[in-house]
Amino acid sequence: MNAYNEYKSLDLPSLENEVGKFWVQEKIFEKSISTREGKTPFVFYEGPPSANGMPGIHHVMGRAIKDLFCRYKTQRGFQVNRKSGWDTHGLPVELSVEKNLGITKEDIGKKISIEEYNAECRREVLKYQDAWEKLTHKMGYWVDLKNPYITYENNYIETLWWALKQLFDKGLLYEGYTIQPYSPAAGTGLSTHELNQPGCYRLVKDTTVVAQFKIVNDEKSKFLFNDAVPVFFLAWTTTPWTLPSNIALTVGGEIEYSLVQTFNPYTAIPINVILAKALIGKYFDSNFENAEMNFEVGKKELPWKIISTFNGKDLEGIRYEQLLPFDSNKNVDLNDSQIPFADAGGKVVLGDFVTTEDGTGIVHTAPSFGSDDFRMAKKYGLGSLTLVDKQGKFIDGVGEFSGMYVKNYKDDAKYESPDVLICIKLKKENKAFKVEKYEHNYPHCWRTDKPVIYYPLDSWFVKTTAAKERMMQLNNIINWKPESTGTGRFGNWLENLQDWNLSRSRFWGTPLPLWKSEDDSEVVCIGSIEELKAQIKSSTENAKQFNIEYDAQSISENLKDLHRPFIDRIFLISKSGKKLSRTPDLVDVWFDSGAMPYAQWHFPFENKDLFAKNFPADFIAEGVDQTRGWFFTLHALATLLYDSVAYKNVVSNGLVLDKNGNKMSKRLGNSVDPFTTLDKYGADATRWYMISNSQPWDNLKFDLAGIDEVKRKFFGTLYNTYNFFAVYANIDKFIYKEDEISLEKRPEIDQWIISLLNSLVKTVQEDFDKYEPTHAARTIQEFVDEHLSNWYVRLCRRRFWKGEYTEDKIAAYQTLYTCLLTISKLMAPVSPFFADKLFRDLNLVSEKENSESVHLSQWPEVNENAIDKSLEERMQIAQDISSLVLSLRKKVNIKVRQPLNKIMIPVLNEYFQLQVEAVKDLILSEVNVKEIEFITETEGVIKKKAKANFKLLGQKLGKKMKVAADVIAVFNQNQIAELEKNHSIQINLENELVEILMAEVEIISEDIPGWQVANKNELTVALDITITDELQEEGNARELVNKLQKMRKDGGFNITDQVELTIEKQDFINATILHFKNYICAEILADDLQLVEQLSDAEVVEVNDFPIKIILKQKK
RNA sequence: AGUCCCGUAGCUCAGCUGGUUAGAGCACUACACUGAUAAUGUAGGGGUCGGCAGUUCAAAUCUGCCCGGGACUACCA
């Protein structure tokens, strides 16, 4: 009892296992929240992971960041609730279910009912929940797994409905029409996610055409006509099947276009054409520019001539004739009515997306089949033509093309491509300028392998653009780490904000709570289950009134699960007697997670107070890939619903790459399994490595060797330091029962390490407050390695293992104990297991702290009075001087055990001398030298050197700086003396006298002629290397002690065992033993030392190259 | 294509409100130390600070352009 645990080796994984068990048994996590009851909350939101995939090493990274700030704030006294969550809806779940069942989307509702399908999804979605929970425990991520929010639960969905209803009531939810990737073969729209499946973009050869659009000669276009020759726009397309649906031509306003005189290559008819000047070379051979104007079909030499050149702007509004007029495109659709083509299209418009990289610089625009095209139609009030139906075939009334599939969707062996047929037709009609095969990347439906087309589909949108300005304002008060993600990536995204397309035509997700009449005239948005019940009730009455059959009882039974298909079975009857059916779309899963601040509490149906206390979040953290995902949806919903930010601080962390900087992927086999990593290296070393190696927002090149290094350098050193303390504290029975020895009564070195320790606490606290964990970890590591272990413990070793239990010894124990305990608190957020073990090993004996775990303890308070910068400075001087002396010893090959008489240090000011004198004893014992002699300038033995202070002089001298620096660098001793005496000196710079002040120059002592000298910055040290007989004897004595200590150790003696020593007389050693007998005995714990004439059965050891015979025995 | 991040020793990273000879750890080599010892100390080699321009007396640091790696968003007529 009451002894510090001592360890034989450092085994992080088993240590963590043990600490983890302790946390569970003693409910430490629960206590970390319950003991902060009533304290200021620090609100954290957990971004819900999807448990239908295995966690990866990058999840350890992300969660380490989340965990460390939550733990830190707990230590700072805040109450930090952490509700966990699971993201359960969405495409990935559906895809894996389909894969498992071997079905496709078309089979749903046919081979398998929606009910069974969704039941399968529900089972699938938490498939890896166990693995996730295991990882959570293993890595020490504290989050409340017992009460997670789960996005598929009815309560969660009900809150989403509430949120949607809020938006609906504010007029922020509307139905619109957009162009989306659509697979006619599968009969379904595709998400961008689906298009990004591997292999969807494929290189295909398509028939392309540069079509000629004949310009109408009118007031606007007359500048293009000067004879009877017809003038055409040239426009290129890779999808000729969209040409019958052409509505407009788009040109770039600032792009230069030329009117070119030439012939149609297929008909040899003389024509004038317009295309971008920069692209003329693509269609015309420069050899035939201005050639004689005649041409025959089949000839290669196509003559051409530029008639004029103008800007795209000049073409705006010019009209052209419909390229392929049919019955069905005489009129076009515009605002639900039919308008003649010429009134709603057939003209040139300006678009900023036009480039001169390929094509002709004039873009064929078919609003139904391209999103740019669609945008242009909206902007210019153009109509649209959709001459292709959802099966992917031309509708009736497109002449010979009617009923043809635009791509070979039915695997018809005799299939003829309308692309080709249209090109042939155009050629014949003098409307094609160039037809060729073109190879390009085109998206394909990953399920059917058939080309996707872009097609207009109905969708519901959130009108985020309405709150664009407000969202940007609110973004300014969010503290982004790094800042650039907020101002750059996120800010930019907000500036170019589009409305949020909510609709997904899928099965497993939150159903849109919208019920619509068939004629679209009535829409009801439902905001709660109660409301839906009320609607069913009023529907019953409405139904009665209109004699419609309505069985409220059986309809209400579908309320038990708010998913499809049950919800689809609910229909309503409006006051006007219309049947309202649910819009079959689901809500984008990002809405699920963006609404988690409300839905996790089933707000506003329950927990109103809880929500109020937990909104907005103080802190969230996710990968930078969430910028336009979760970070956006949280922000958008908070702005729209509450005119508030959703989070005040956000850390967006980078990716975890493999050690070569490549993205980890299962396919490449370079992904790192988090479980084996944690098993082998431990969570603490892994977490410490991740946090200390690179800033969270930089990508981490994950290298297992780096974890090893952290384990050795940091944990190894800290463990050694603790073990050192434990071994001696147990011997001396130090249990911190004595009163605290006041700082001023402790030796300088104790004051120093305590000063550094307080500076450390301050820095680490500031770093954590600023969400800069990397600097915090590195600073802690530097303190432990450089200062505590390599200087404090090394210099103080003797204080621990020598002599009586004096006040000095107690001071040493108290100091080291305080350092270790404080370190345990500072490192606890990053490496929670080891920190807790360290804390408890110390505290179980001392019982100084009343917390049973470091994670329940209070963050150390900074004692500003203990911080002594002047002391820190002089200890730095001591370290530098010691290092210089050691390097001098090395240079002349005199080992440290050999004492030397003196070192000499030139002093240039009194303060410096005082600083050195204060740490003199430390230096002398560290470098084993008897005395320090200070050499002042008056003795004239120091060679000095002057150096310009660039910062000061540069501002003063400007251009002359370089010359001045050169002049000052070669100042002789007299000049320096003059400067020191008068505090200024005149120098000649390019024939101009300039006064240089003392303060503008640094003077350093460079050399003491005649001595061994070493320099570091302004510090200079000389070493007297004369070894007198006396020094030699002392050196021998110390060497002998060293050998004897080794014999003790090899002989397996305990540290405290007393010994008896016998040595055979030798000329070499006699004097030494005579003079240093007491010293030797004290060092090796010998009661007596016998010097005898002859020894048999003795051990022979070499002392400074002389063999000495020795018998060392344990005293009985 | 746009936006953002990153590029400093073989590797991982500091330094970047412009200022003197650009630092640390790891790795490598040599030597030393030895009651913290699978630790430690000292010394050494190793750099066009991604490239090119510009601003300036002075640029790793500020500006512009470019190259390479990565992320996201969009598009490919």
Side-chain angles (χ1 to χ4, degrees), chain A residues 9-10 192 208 235-239 242 249-250 351 353-355 357-366 370-373 440-443 482 484-485 487-493 495-496 498 623-629 654-655 657 659 661-663 689 692-695 697-699 701 703 705-706 708-709 712-713 716-717 719-725 727-728 774-775 778 781-782 785-786 789-790 793-794 797 800-801 883 886-887 889-891 893 895-897 947-955 957-965 969 1002 1042 1045-1046 1048-1049 1053-1055:
Chain A
S9 70
L10 175 62
T192 50
T208 69
W236 181 58
T237 180
T238 56
T239 51
T242 61
L249 294 171
T250 309
F353 58 89
V354 181
T355 68
E357 258 156 47
D358 41 27
T360 61
I362 300 173
V363 179
H364 147 60
T365 303
S371 58
D372 276 338
D373 313 47
H440 63 149
N441 263 314
Y442 197 82
S484 61
T485 299
T487 54
R489 184 182 290 201
F490 195 64
N492 219 272
W493 162 256
E495 271 174 44
N496 300 308
Q498 306 281 316
V624 68
D625 52 332
Q626 293 294 339
T627 308
R628 280 126 181 199
L655 301 178
L657 308 170
K659 62 178 176 181
N662 300 312
K663 204 176 172 179
Y689 163 72
S692 66
N693 187 65
S694 63
Q695 309 243 58
W697 34 92
D698 285 339
N699 291 343
K701 287 182 193 161
D703 188 1
D708 246 339
E709 191 182 321
R712 252 199 357 260
K713 277 223 54 91
T717 307
Y719 151 83
N720 270 334
T721 308
Y722 165 77
N723 234 11
F724 173 85
F725 168 83
V727 166
Y728 292 109
T774 304
H775 188 255
R778 287 174 179 170
Q781 188 166 328
E782 195 196 346
D785 285 352
E786 299 299 315
S789 168
N790 275 345
V793 172
R794 197 154 59 82
R797 266 188 311 211
F800 293 93
W801 53 263
S883 154
L886 291 173
S887 80
R889 277 180 169 275
K890 159 84 190 159
K891 208 157 127 195
N893 234 339
K895 59 175 80 169
V896 180
R897 256 200 307 279
K947 209 181 221 176
N949 181 328
F950 278 69
K951 207 164 190 172
L952 288 176
L953 268 183
Q955 283 162 17
L957 297 179
K959 280 189 201 303
K960 298 198 197 79
M961 182 60 215
K962 214 168 196 157
V963 198
E1002 282 170 45
N1042 168 247
Q1045 294 286 28
K1046 197 169 180 176
R1048 279 182 63 106
K1049 197 179 172 192
F1053 297 175
N1054 283 323
I1055 292 172

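These figures come from a predicted structure and were not determined experimentally. Lettering of chains follows the sequences in order, A, B, ..., and the numbering in each one begins at 1.
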Original post:
Using atom P of each nucleotide, how far apart are B/rA14 and B/rG50 to the nearest Å?
Top reply: 13 Å
Subject >> B/rU29 and B/rU8, which share atom name C1', separated by this distance in whole Å >> reply: 24 Å
**OP:** Output the single nucleotide from B/rG70, B/rA77, B/rG35 whose closest atom is nearest the side chain of A/N699.
**Re:** B/rG70
Original post:
Now, which nucleotide makes the Watson-Crick or G-U wobble pair with B/rC28, with each of the two distances under 3.5 Å?
Top reply: B/rG44
**OP:** Could you work out which one of B/rA14, B/rU40, B/rA77 sits closest to the side chain of A/T238?
**Re:** B/rA77
Subject >> Out of B/rU12, B/rC75, B/rU37, whichever nucleotide has its closest atom nearest the side chain of A/K701 >> reply: B/rU12
Original post:
For the side chain of A/Q1045, counting heavy atoms from C-beta on, which of B/rU40, B/rG35, B/rU37 is nearest?
Top reply: B/rG35
Original post:
Expressed in angstrom and rounded to an integer, what is the separation of A/Y689 atom OH from B/rC11 atom P?
Top reply: 14 Å
Subject >> Donor-acceptor contact present, side-chain A/D703 to main-chain A/G706, <3.5 Å >> reply: no
Subject >> Interatomic spacing from CD in A/E709 to OH in A/Y689 - rounded to 0.5 Å >> reply: 9.0 Å
**OP:** Mind listing the closest non-hydrogen atom pair of A/T208 and A/W236 along with its distance?
**Re:** OG1-NE1, 3.2 Å
**OP:** Identify whether any heavy atom of A/A235 sits under 4.0 Å from a base atom; if not, whether one sits that close to sugar-phosphate; answer base, sugar-phosphate or nothing.
**Re:** nothing
Subject >> Interatomic distance, A/E782 CD vs B/rC13 P [rounded to whole Å] >> reply: 18 Å
**OP:** In whole angstrom, give me the gap between the P atoms of B/rG47 and B/rG2.
**Re:** 37 Å
**OP:** Keeping the roles fixed (side chain from A/R778, backbone from A/N693), state whether a donor-acceptor pair exists under 3.5 Å.
**Re:** yes
**OP:** Report the residue (A/P482 or A/F950) whose heavy-atom-nearest nucleotide on RNA chain B is the more 5′ of the two.
**Re:** A/P482
**OP:** Just call it for A/N949: base, sugar-phosphate, or nothing, with non-hydrogen atoms closer than 4.0 Å on any strand.
**Re:** nothing
Original post:
Given that both distances must come in under 3.5 Å, which nucleotide forms a Watson-Crick or G-U wobble pair with B/rA77?
Top reply: none
Subject >> Nearest-angstrom distance from the residue atom CG of A/N723 to P of B/rA39 >> reply: 15 Å
**OP:** Going by the side-chain contact (heavy atoms from CB on, under 4.5 Å) test, name the single residue among A/D373, A/T365, A/T237 that passes it with A/T242.
**Re:** A/T237
Subject >> Side chain of A/Q695 (C-beta onward), nearest among B/rA14, B/rA36, B/rA77 >> reply: B/rA14
**OP:** Compare side-chain N and O positions of A/N693 against OP1 and OP2 of B/rU12 and report whether any pair is under 4.0 Å apart.
**Re:** no
Subject >> Pairing nucleotide - B/rC13, Watson-Crick or G-U, each distance under 3.5 Å >> reply: B/rG23
Subject >> A/R797 side chain to A/V793 backbone, donor-acceptor under 3.5 Å >> reply: no
Original post:
To the nearest 0.5 Å, how far apart are OG1 in A/T717 and CG in A/N790?
Top reply: 7.5 Å
Subject >> Candidate nucleotides B/rA14, B/rA77, B/rG19, ranked by approach to the side chain of A/K951 - the nearest >> reply: B/rG19
**OP:** Please check the phosphate of B/rC4 (OP1 and OP2 only) for any side-chain N or O of A/T485 closer than 4.0 Å.
**Re:** no
**OP:** Under 4.0 Å between any heavy atoms, over every strand shown, what does A/G359 touch: base, sugar-phosphate, or nothing? Just pick one.
**Re:** nothing
**OP:** Could you please name the option among B/rC6, B/rC13, B/rG25 that lies closest to any side-chain atom of A/K713?
**Re:** B/rG25
**OP:** Provide the distance between the two P atoms, one in B/rC5 and one in B/rG10, to the nearest whole Å.
**Re:** 27 Å
Original post:
Between A/M961 and A/F490, who's closer to the 5' end of RNA chain B by nearest nucleotide?
Top reply: A/F490
Original post:
Rounding to the closest angstrom, what is the interatomic distance between B/rG45 and B/rA27 at atom C1'?
Top reply: 13 Å
Original post:
Between atom CD in A/E786 and atom P in B/rA39, what is the gap in whole Å?
Top reply: 16 Å
Subject >> Partner nucleotide of B/rG2 by Watson-Crick or wobble geometry (both distances under 3.5 Å) >> reply: B/rC72
Original post:
Counting only side-chain N and O atoms of A/R712, is one of them less than 4.0 Å from OP1 or OP2 of B/rA27?
Top reply: yes
Original post:
Is there a side-chain contact between A/R794 and A/S789, using heavy atoms and a 4.5 Å cut-off?
Top reply: no
Subject >> Distance, rounded to the nearest Å, where A/Y719 contributes OH and B/rA36 contributes P >> reply: 14 Å
Original post:
Say you draw a straight line from CG of A/L249 to CD1 of A/I362; how long is it, rounded to the nearest 0.5 Å?
Top reply: 7.0 Å
Original post:
Can you tell which of B/rA36, B/rG19, B/rA14 lies closest to the side chain of A/S789?
Top reply: B/rA36
Original post:
Paired with B/rA38: which nucleotide, if any, by Watson-Crick or G-U wobble criteria at under 3.5 Å for both distances?
Top reply: none
Original post:
Rounded to whole angstroms, how far apart are CG on A/L952 and P on B/rA58?
Top reply: 19 Å
Original post:
Taking CG from A/N790 and C1' from B/rU42, how many angstroms apart are they, rounded to a whole number?
Top reply: 13 Å
Subject >> Euclidean distance for C1', B/rG23 against B/rC65 (whole angstrom) >> reply: 30 Å
**OP:** Round to the nearest Å and state the distance from A/R794 atom CZ to B/rU37 atom P.
**Re:** 15 Å
Original post:
So which nucleotide does B/rC33 pair with, by the Watson-Crick or G-U wobble rule with both distances under 3.5 Å?
Top reply: none
Subject >> Per A/R778 side chain, nearest of listed nucleotides B/rA77, B/rA36, B/rA14 >> reply: B/rA14
**OP:** Tell which nucleotide pairs with B/rA53, taking only Watson-Crick or G-U wobble pairs whose two distances are both under 3.5 angstrom.
**Re:** B/rU63
Original post:
B/rA36 phosphate, OP1 or OP2: any side-chain N/O from A/R797 under 4.0 angstrom?
Top reply: yes
**OP:** Could you work out the separation of B/rG19 and B/rA59 based on their P atoms and round it to a whole Å?
**Re:** 11 Å
Original post:
The side chain of A/S371 lies closest to which of these nucleotides: B/rC75, B/rC13, B/rA77?
Top reply: B/rC75
Subject >> Same-atom distance (C1') from B/rC4 to B/rU48, integer angstrom >> reply: 28 Å
